[in-house]
There are 2 protein chains.
Amino acid sequence: MSQHFARRMSTVHRSFIREILKVTADPEIISFAGGLPNPELFPVAAMDAAAHEVFQDIGAGALQYSTTEGDAGLRAIIAERYRKRGLTVDPDTILVTTGSQQILDICAKVFMDRDSKVVIERPGYLGAIQAFSLFEPEFVTICLEDDGPNLEELEAAFKAGADCFYAVPNFQNPSGVSYSLEKRKAVAALADRYDALFVEDDPYGELRFLGEDLPSVFSFSEKKGLLCGSFSKIAAPGFRLGWVVAPRKDVYDKLVIAKQAADLHTSTVTQTIMRRYMETNDIESHVALIKERYGRQRECMVEMIGRYFPEGVDITRPEGGMFLWATMPEGCSSMELLDMAIKDKVAFVPGRPFFVDGSGDNTMRLNFSNSDEARIEEGIKRLGKSIASFLK
Amino acid sequence: MSQHFARRMSTVHRSFIREILKVTADPEIISFAGGLPNPELFPVAAMDAAAHEVFQDIGAGALQYSTTEGDAGLRAIIAERYRKRGLTVDPDTILVTTGSQQILDICAKVFMDRDSKVVIERPGYLGAIQAFSLFEPEFVTICLEDDGPNLEELEAAFKAGADCFYAVPNFQNPSGVSYSLEKRKAVAALADRYDALFVEDDPYGELRFLGEDLPSVFSFSEKKGLLCGSFSKIAAPGFRLGWVVAPRKDVYDKLVIAKQAADLHTSTVTQTIMRRYMETNDIESHVALIKERYGRQRECMVEMIGRYFPEGVDITRPEGGMFLWATMPEGCSSMELLDMAIKDKVAFVPGRPFFVDGSGDNTMRLNFSNSDEARIEEGIKRLGKSIASFLK
């Protein structure tokens with residue numbers, strides 16, 4: 001039987017990153033390929049206690065079907081945490097999602113027709129490229145510079161009819177780049193002027209270990225797009241809990257419809273455990289712990305790159321998040337380098353999958369959140385050796 | 001700002017059922033409207049223990065990102081339970097999903113182009129109608145008779161180019177109808193002959209309290225479609241854990257791609273707790289308990305309908321599941337009846353949303369799983385009174 005698949009399936013493939021992760025399961029390989037938080041920092045005992053309290057106090061109610069919009073208590077907590085960071089958000093405009101990945105699927109469903117023009121950064125977040133691709137939009141990519149997107153390219157994209165811009169302004173995956181204050185304001189103004197929806201994905205925003213926290217692009221926009229968040233990086237990803245803030249009622253209602261069709265609602269069990277955990281623990285000092293650790297690991301990686309990488313490899317210097325981005329001289333293929341690196345027992349993600357136009361062959365993403373300093377030193381040393389012999 | 005929405009969003013609305021549930025939040029209303037399992041039967045203490053063991057024994061691993069395919073131990077348990085019921089299934093052909101609702105979204109993504117012809121039962125499961133509608137297929141409905149679908153209509157649909165048939169052969173939602181053995185074989189043979197994909201949704205199959213268990217349609221098919229299952233009705237729905245069996249490798253791989261784009265993977269937390277629960281508890285005797293209770297409640301509802309409903313209302317007599325279906329004389333609108341019933345403090349779901357062609361106005365769905373016998377007696381008495389004055 002030759003199964004007929006929908007046309008949209010012909011253009012998408014399994015995540016290259018997830019395929020690499022299978023190769024790097026070998027414990028001898030030091031992997032900078034994944035995008036995993038450091039599991040040593042997961043609040044296991046606190047979650048154990050929270051779960052027990054939920055089963056004792058809420059009981060069957062925590063195991064039943066629940067609303068599509070999400071647990072009211074959890075949404076209030078999310079709103080309160082925004083308030084502490086200076087942003088006023090009505091809990092009724094928050095939709096809890098099954099990880100922030102689900103927001104990307106829902107956004108594509110709600111806003112993208114076939115051949116809609118959607119703007120993404122170059123390089124762009126792979127999970128968004130994958131989720132959006134299933135709805136067959138036309139991607140318009142704009143260059144991500146050291147301080148944010150190239151504004152001329154962004155305006156040209158809006159002028160050419162793009163009405164949606166998806167971006168990760170804080171410590172972007174894959175590049176580690178953050179938008180400057182000026183560019184945040186400029187992006188908001190451009191989106192407002194051209195009546196475009198700005199989808200601000202912010203899973204890493206709280207993980208700033210250098211510099212000053214900056215307001216969201218969302219906060220500068222009059223017309224308000226979407227602001228997406230996640231518990232994956234501040235608590236643990238295995239809960240699959242994210243959210244989206246959608247202040248405009250017409251937009252919120254459409255998101256709810258799409259969410260309902262996707263999985264009815266996000267797990268009542270995980271939402272109530274997370275709510276209890278947030279109520280009974282000091283999440284801010286937990287986040288401080290994560291930042292301190294990731295900050296040290298990033299510091300170590302930058303230092304070791306300085307020590308062990310050959311001349312001619314540029315890197316970003318992220319002020320937060322989990323990733324750093326390296327660019328080799330033009331003409332060097334990080335795909336080819338990967339084969340050599342894996343023989344040398346070190347892994348990374350080649351940059352090309354983050355570019356929808358097939359460019360970026362000389363780039364790579366390095367994760368620093370999931371390795372301690374000893375492994376970072378050894379891994380970067382190995383990778384430096386691989387690159388050196390590759391560049392010869 | 002007038003937001004541009006994708007064209008697909010113009011045809012879908014919030015679930016009518018979920019809207020009714022809000023109206024029926026009034027505790028004085030006896031509601032047969034929902035589709036909730038009886039929370040008294042949720043294994044709260046056993047889940048509490050399972051969760052504690054998971055946090056103690058697995059720890060951080062239960063909180064980390066995990067594979068898109070799903071927890072290997074949980075998939076082995078699902079396969080083993082099929083084996084006990086006479087069906088051989090390779091765990092590597094099982095994909096764990098975020099509730100069985102997610103399978104419907106994924107199926108639509110993978111198999112349905114705009115204007116693809118997809119066959120559904122008349123009446124059909126509302127969650128499937130909603131999930132599929134977002135991908136704009138053409139629905140071809142075939143009459144669901146007392147023993148299963150009208151086979152002439154099914155063959156005509158396949159001949160007219162439909163290549164996918166979605167159905168709930170056991171104790172269907174909304175009708176409570178089950179397919180006879182003969183019709184199971186006939187549906188499998190027709191799907192094979194016309195090279196169509198049969199998507200068999202089976203959330204209620206284990207909840208048979210009358211008659212003999214019958215093999216799945218899937219088991220009779222040479223070419224194998226999809227077989228979908230769920231932990232929602234045998235354990236608890238708040239976990240959002242379902243699965244799909246997809247024996248054909250090309251199909252499985254496409255489902256994994258779509259699942260990955262939708263939410264990366266289903267919660268590691270809920271999967272590991274459910275696995276531990278299944279490993280350390282006697283799920284079969286728990287299911288027996290549910291069947292015994294629902295059987296009594298269904299018995300009571302049928303008996304009370306006999307006592308309190310006026311002449312001229314036909315009902316199905318389900319041998320399992322959670323729903324019963326009532327048909328009033330032609331020309332009576334259950335939508336109008338609902339207004340009257342709510343004043344009489346009783347609720348149900350009008351049948352029309354389960355028909356994509358706008359028919360079914362004289363039908364209604366009654367849930368018996370979520371009310372004890374005293375409430376069923378009182379509720380059916382009230383509803384009988386409403387119907388009697390409505391039919392006058």
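These numbers were taken from a predicted model, which means no experiment stands behind them. Chain identifiers are assigned alphabetically (A, B, ...) following the order of the sequence lines, protein sequences preceding nucleic acid strands; residue numbering begins at 1 within each chain. What's counted below: heavy atoms across the whole structure, side chains too, no hydrogens, waters or symmetry copies.
Interface remark: B:Ser133 contributes no atoms to any contact with chain A (heavy atom separation under 4.5 Å). Contacts between A:Leu104 and chain B at a heavy-atom distance below 4.5 Å are absent for every atom of the residue. Using a 4.5 Å cut-off between heavy atoms, A:Thr272 does not touch chain B at all. For chain A, the nearby part of B:Met112 is the backbone; its heavy atoms alone come within less than 4.5 Å. Heavy atoms closer than 4.5 Å to chain A are found nowhere in B:Ala128, neither backbone nor side chain.
Shown here for A:Phe111 and B:His4, the closest heavy-atom pair between the two residues is CD2-O, 3.7 Å. Across all non-hydrogen atoms, the minimal contact from B:Ala60 to A:Phe42 is O-CD1, 3.6 Å. When all heavy atoms of A:Thr266 and B:Arg240 are compared, the pair lying nearest together is C-CG, 4.0 Å. The shortest non-hydrogen separation linking B:Tyr65 to A:Gly35 is CE1-O, 3.9 Å.
One distance of note links CZ of A:Phe5 with CG of B:Asp250; it measures 4.0 Å at 0.5 Å rounding. The CE atom of A:Met9 lies 7.5 Å from the CG atom of B:Leu255; values are rounded to the nearest 0.5 Å.
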- Task: Start with the C-alpha gap between B:His52 and A:Phe55, add the side-chain angles, then the distance that decides, and say whether side chain to side chain contact (heavy atoms under 4.5 Å, CB included) holds.
- Result: CA-CA 10 Å; B:His52 182 61; A:Phe55 288 117; over 6 Å; no
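By the 4.0 Å N-to-carboxylate-O rule, B:Asp105 lies close enough to A:Lys109 to be salt-bridged with it. Salt-bridge annotation for A:Asp113 and B:Arg114: absent, with no side-chain N of the basic residue lying under 4.0 Å from a carboxylate O of the acidic one.
Options B:Ala108, B:Pro39, B:Gly238 differ in how many heavy-atom pairs under 4.5 Å they form with chain A, and the most are formed by B:Gly238. Among B:Ile273, B:Thr98, B:Val110, the residue with the largest count of heavy-atom pairs under 4.5 Å with chain A is B:Val110. Contact count versus chain A (heavy atoms, under 4.5 Å) is highest, among B:Ala262, B:Pro237, B:Ala236, for B:Pro237. The greatest number of non-hydrogen atom pairs below 4.5 Å with chain B, out of A:Ser116, A:Ala261, A:Ala6, is found for A:Ala6. Considering only heavy-atom pairs separated by less than 4.5 Å from chain A, the leading option among B:Val269, B:Asp263, B:Leu63 is B:Leu63. Counting heavy-atom pairs under 4.5 Å between each of A:Leu134, A:Leu36, A:Ile106 and chain B puts A:Leu36 at the top.
Remark: B:Gln64 engages no residue in a side-chain hydrogen bond (donor to acceptor under 3.5 Å, both in side chains) (not counting sequence neighbours). Residues satisfying the side-chain contact (heavy atoms from CB on, under 4.5 Å) criterion with B:Thr97, sequence neighbours excluded, are B:Leu95, B:Gln102, B:Ile103, B:Val244.
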